[in-house]
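Here's the structure, in structure tokens; my notes come after.
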Amino acid sequence: MSSVSNPPQSLLKPMVIPQKLLMGPGPSNSSPRILSASALPMLGHLHPEFTKIMDEVKEGTRYLFQTRNNWTVCVSGTGHAAMEAAVCNLLEPGETTLSCVNGLWGERYADMARRNGAIAETINKPMGQVFNLQEIEEGLQKYRPVLLFLTHGESSGSTVQPLEGVGKLCHRYKCLLLVDSVAAAGGVPLYADDWEIDCIYTGSQKVLSAPPGASPISFSEKGKEKVLKRKTPVRSFYFDMNHLSNYWGCEENPRRYHHTGPIMSVYALREGFSRLVEDGLENSWATHKKCAEMLHEGVERMGLELFVQDKSVRLPCVTGVKVPAGVNWKEVADYAMNQYKVEISGGLGAQAGKIWRIGIMGYNATPDNVNRVLRALSEALKHVGFKSRL
């Protein structure tokens, strides 16, 4: 006969969660009102009270992206899920896509595209640099893709990619534009409609400061048409916009069951949008810029060097700082965490061990938090033997 295994004793103890200041590339800390929203009573995923909240989230998404797109929803998952949703809806097997790679996210997009049967070509720049219109046009001429991918806020390289003019250029070559704005939306100017972006997505856990788990995504009319005219079914049932658009009330037909949405995550995301609307987009952009400049000045006063040389393309939401010769980046990050409960992250990919990444996003974008991370960094550097100027 089968027997029941012993219950795990660890689950009989309450969780102990320390209070940390998350100044890495994400997630950011959530405000008390957002955390409280996550604890509101459960509703059914098609109850009218919940679909009303879904509609409010759609309006917040349109405001964030500055778009009037009808196909505006949230994917049930993190920013990776939104990227996957964009890939599997906009690309069919055998189609060519072009990824502009200047960090991790362009590489990851190309990987996802290939897994979905597309031909993924790349143009490449080193981390810390961005693409200009001439370089993008040369790629469009060479590869003739149906879809171009750009990372708006490249958190691995701490750059913000200029987007104005790219959509118009893509459309001249009968190509759609897909933008990853996970680490940028809400922190820098963004005009999806005016810049002719065909699909754009972000995450909930960055500038919106909500828990990860629901990711806004929006498709232009050209993007919507591309999906509706597919010759093959979308490979993922879960991410199929033909179903998600109905579930999120983007069409006249009554909503039908597709999947159970992450109800508490949607509550929290709605409060994240509420906070953004109360502040105003332009104020949010200005706050992130001001705090980033304050951080940059403080880092340089210590005798450290910022990773991105061109000030005009530094991402306010995530700052890259070069690790000085002879300094172990992790010893510094560990000291900041152990002594100050402040998170400072390391580099990824080609910059692993070479830079720190410091995030300033949403609820965390305050002068007090900037000063706290600067104090932690300065003291940590002294602890490991680096002679800071401060």
Side-chain angles (χ1 to χ4, degrees), residues 65-67 83 86-87 90-91 95-114 118-185 187-202 219-220 222-223 226 285 289 292 306-320 348-351 355:
F65 293 152
Q66 287 295 283
T67 182
M83 179 187 281
V87 169
L90 291 172
L91 289 173
E95 289 185 327
T96 298
T97 183
L98 179 60
S99 180
C100 301
V101 178
N102 62 339
L104 177 69
W105 304 113
E107 294 172 354
R108 195 149 293 184
Y109 166 79
D111 184 8
M112 286 189 184
R114 293 180 185 116
I119 300 165
E121 304 288 357
T122 64
I123 55 176
N124 301 274
K125 296 288 287 275
M127 281 187 181
Q129 298 182 26
V130 297
F131 296 88
N132 60 43
L133 289 176
Q134 181 181 342
E135 291 164 338
I136 292 170
E137 184 167 18
E138 288 171 356
L140 293 170
Q141 290 173 338
K142 181 176 180 179
Y143 296 111
R144 299 288 169 170
V146 300
L147 184 65
L148 177 88
F149 174 84
L150 270 174
T151 309
H152 188 200
E154 179 44 87
S155 57
S156 66
S158 64
T159 49
V160 59
Q161 170 66 47
L163 295 174
E164 194 167 1
V166 179
K168 186 175 182 180
L169 179 63
C170 286
H171 295 154
R172 193 188 310 158
Y173 287 88
K174 295 180 170 52
C175 173
L176 300 183
L177 173 61
L178 168 61
V179 171
D180 176 320
S181 195
V182 170
V188 296
L190 171 60
Y191 300 93
D193 284 358
D194 289 350
W195 294 346
E196 299 184 33
I197 297 170
D198 295 298
C199 182
I200 184 168
Y201 60 87
T202 191
F219 293 76
S220 72
K222 285 187 174 70
K226 175 79 165 67
W285 298 340
K289 183 176 187 291
L306 295 171
F307 176 60
V308 177
Q309 300 301 303
D310 184 348
K311 292 182 180 181
S312 69
V313 297
R314 288 175 180 164
L315 176 62
C317 305
V318 181
T319 294
L348 295 174
Q351 295 305 316
I355 64 171

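The shown structure was predicted, so the numbers you read here are calculated from the model rather than taken from an experiment.
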Inset, instruction - Using modelled atom types only, decide if a donor and an acceptor are shared between the side chain of Gln129 and the backbone of Asn102 within a distance under 3.5 Å. - result: no
Legend entry - Within-4.5 Å side-chain heavy-atom neighbours: Met127 and Phe307: yes
Legend entry - Carboxylate-amine/guanidinium contact Glu154 Lys125, below 4.0 Å: no
Legend entry - Residue pair Leu104 / Ser156: nearest heavy atoms and the distance that separates them: N-OG, 3.0 Å
Inset, instruction - Could I get the full list of side-chain hydrogen bond (donor to acceptor under 3.5 Å, both in side chains) partners for Glu107, not counting sequence neighbours? - result: none
Inset, instruction - Please say whether more than 12 non-hydrogen atoms of neighbouring residues, nucleotides or ligands are located less than 6.0 Å from CD in Glu135. - result: yes
Inset, instruction - Taking all non-hydrogen atoms of both residues into account, name the closest pair between Val308 and Gly157 and its distance. - result: CG2-O, 3.4 Å
Legend entry - Leu190 and Ile197, any side-chain heavy atoms less than 4.5 Å apart: yes
Legend entry - Side-chain donor/acceptor of Lys222 to backbone N/O of Asp198, under 3.5 Å: no
Legend entry - Minimum-distance pair of heavy atoms, taken over all atoms of Ser99 and Gly106: OG-O, 2.8 Å
Name each donor-acceptor pair under 3.5 Å that joins a side chain in residues 141-151 to protein atoms two or more places apart or in another chain, with its distance.
| from | atom 1 | to | atom 2 | distance (Å) |
| --- | --- | --- | --- | --- |
| Gln141 | NE2 | Tyr173 | OH | 3.0 |
| Arg144 | NE | Gln141 | O | 3.4 |

Inset, instruction - Considering non-hydrogen atoms only, spot the tightest contact between Leu178 and Ala86 and give its length. - result: CD1-CB, 3.7 Å
Inset, instruction - Taking the side chain as every heavy atom from C-beta outward, state whether His152 and Ile200 have any pair of such atoms under 4.5 Å apart. - result: no
Legend entry - Distance (rounded to the nearest 0.5 Å) between Asp180 CG and Met83 CE: 4.5 Å
Legend entry - side-chain hydrogen bond (donor to acceptor under 3.5 Å, both in side chains) involving Glu138 - partner list, sequence neighbours excluded: Gln134
Legend entry - Side chains of Tyr109 and Val101 in contact at under 4.5 Å (non-hydrogen atoms): no
Inset, instruction - Can you measure from CG (Leu91) to NZ (Lys226) and round to the nearest 0.5 angstrom? - result: 6.0 Å
Legend entry - ring pair (Phe, Tyr, Trp, His ring centres under 6.0 Å) assessment of Tyr191 paired with Trp285: CA-CA 13 Å; Tyr191 300 93; Trp285 298 340; 5.7 Å; yes
Legend entry - Salt bridge Glu137-Arg172, side-chain N to carboxylate O under 4.0 Å: yes
Inset, instruction - Decide yes or no for Cys100 and Ile123: does some side-chain heavy atom of the first lie under 4.5 Å from some side-chain heavy atom of the second? - result: yes
Legend entry - Pairwise side-chain contact, Thr96 with Glu121, heavy-atom cut-off 4.5 Å (strictly under): yes
Legend entry - Separation of Leu306 CG from Ser158 OG (nearest 0.5 Å): 8.0 Å
Inset, instruction - Identify the heavy atoms of Ala110 and Ala120 that sit nearest to each other, and give their distance. - result: O-CB, 3.7 Å
Inset, instruction - Answer yes or no: is there a side-chain heavy-atom contact under 4.5 Å between Cys199 and Leu176? - result: no
Legend entry - Closest approach of Pro316 to Val188 (non-hydrogen atoms, all atoms of both residues): CD-CG1, 3.4 Å
